[in-house]
Amino acid sequence: MGLDISGILVANKVKLDDFKGRAIALDGYNVLYQFLSSIRGPDGTPLMDDKGRVTSHLSGALYRTANLLEMGIKPIFVFDGKPHYLKKSTLAERRARKEKAKIEWDEALAEGDMEKARTKAQQTSKLTREMVGEAIKLLEFMGVPHITAPQEGEAQASYMTMKGDVYAAGSQDFDSMLFGTPLLVRNLTLSGRRKMPRRQVYVTVEPETIDLQASLDALGITREQLVDIGVLMGTDFNEGIKGIGPKKGLKLVKEFGSGEEVIKQKKFDVPSFDAVRKIFLEPEVTDDYEMKWNDPDLDKIMEFMCEDYGFSKPRIESILGKMETAKKARSQQSLDQWF
DNA sequence: CACGGACA
DNA sequence: TGTCCGTGG
């Protein structure tokens, strides 16, 4: 995960029902990655079809999206475009970590340590272009819109929320706050209980929203200052200063007024400070997208999931029932809009 | 992650 | 009705 400013933000527990009838811009990469890393067998192997293609992301995308639609929530998936050049070293770092995790996964398997194997396996998760393409195909069969951002998906989702096209940006990552989304929703899921890394321990993960303005008011800072805190801490686009987390970053920025002043007074070295700041404050986004939810093509979904990827027919059929419910709910909604 | 069968 | 646990592909 990237930037962790959870310690200084105000999160509100919410019910999935609060989002009924509302559009949410989901960080597609974030959502699929979550599925890819968590939908795995006990030894860490992801779900795969008989050709060896990973299918965890498809399983997750189908169930999750069907559930949201059934609840009357209208997701629009936003995928990352071309990464900013300042992100290159972060991406390289991630690649290296995954390679190391692969070795440790094999070692854990050899030792018979399944708990460790699973954790290491999750760390190897690599969402490929193909996987994203497959998921997009599925979304299209489900009638769910998707767009590819010019650059960062989170920036695009935030922009769409600022415009009022969607109610909130959905992601597990907090970067969206820096990109300026007025509302971030995390844990947009049905099931509450989730297993912690260490066995036996369960936590209930509830959907929550983070309101940007309320958070800024509570902290007594501006969005620019929030961005500065992030850049001092380090983001996907820069390294940040060792020893500076959300608390210290907040304190310094409030004390000196701005990140620039903190750097000057404290003689910190933050390469590309202005450029990184600009990525968050003036991100590359587009208005070229269409928010349109179509009726699902149930036959195509069946064919895609069962014939192409070997999912069991009864399972998929039961999900299609949800899609039918969603369809009815949607037509009811259009009536509501007319009257 | 999400589901469903087992069990209380 | 609620929770635990194994499985899905």
Pairing donors with acceptors under 3.5 angstrom, does anything connect the side chains of A/Asp43 and A/Thr45? yes
With the threshold set at 4.0 Å, does a side-chain nitrogen-carboxylate oxygen contact exist between A/Glu152 and A/Lys87? yes
Counting only side-chain heavy atoms from C-beta out, which of C/dG9, B/dG4, B/dA2 sits nearest to A/Leu47? C/dG9
Base, sugar-phosphate, or nothing for A/Gly60, non-hydrogen atoms under 4.0 angstrom? nothing
Rounded to whole Å, please give me the gap between OH in A/Tyr63 and C1' in C/dT7. 10 Å
Considering just the side-chain nitrogens and oxygens of A/Ser56, establish if one lies under 4.0 Å of OP1 or OP2 belonging to C/dG8. no
For a quick check of understanding: with a heavy-atom distance under 4.0 Å over all strands, which category does A/Ser312 fall into, base, sugar-phosphate or nothing? sugar-phosphate
Pairs satisfying ring-ring contact (aromatic ring centres under 6.0 Å, His included), at least one member in residues 243-264 of chain A, at least two apart: none
Assess the side chains of A/Asp287 and A/Tyr159: does a donor N or O sit below 3.5 Å from an acceptor N or O? yes
Whole angstroms only, please: what is the CD-P distance between A/Glu317 and B/dG4? 13 Å
Specify the separation, in whole Å, of atom CG of A/Leu58 and atom P of B/dA2. 15 Å
What's the CZ-P distance between A/Phe35 and C/dT7, to the nearest Å? 22 Å
Would you mind classifying the nucleic acid contact of A/Asp50 as base, sugar-phosphate or nothing, using non-hydrogen atoms under 4.0 angstrom? nothing
Under 4.0 Å, heavy atoms only, any strand: does A/Arg40 hit a base, just the sugar-phosphate, or nothing? base
From C/dG8, B/dC3, C/dG9, nucleotide with atom closest to A/Thr45 side chain: C/dG9
Under 4.0 Å, heavy atoms only, any strand: does A/Pro42 hit a base, just the sugar-phosphate, or nothing? nothing
Given atom CE of A/Met305 and atom C1' of B/dC3, what is their separation to the nearest angstrom? 14 Å
Quick one: is B/dA2 close enough that its OP1 or OP2 comes under 4.0 Å of any side-chain N or O from A/Arg64? yes
Value in whole Å for how far the C1' atom of C/dT3 lies from CG of A/Leu190: 17 Å
Sequence neighbours excluded and cut-off under 3.5 Å, please list the side-chain donor-acceptor pairs for residues 134-149 of chain A, or say none.
residue  : atom : partner  : partner atom : Å
A/Glu134 : OE1  : A/His57  : NE2          : 2.9
A/Glu134 : OE2  : A/Tyr309 : OH           : 3.1
A/Glu140 : OE2  : A/His146 : NE2          : 2.7

Report which part of the nucleic acid A/Thr55 touches: base, sugar-phosphate, or nothing (heavy-atom distance under 4.0 Å, all strands). sugar-phosphate
Between CZ of A/Phe311 and P of C/dG8 the distance, given in whole Å, is 12 Å
Between atom CD in A/Glu70 and atom C1' in B/dC3, what is the gap in whole Å? 13 Å
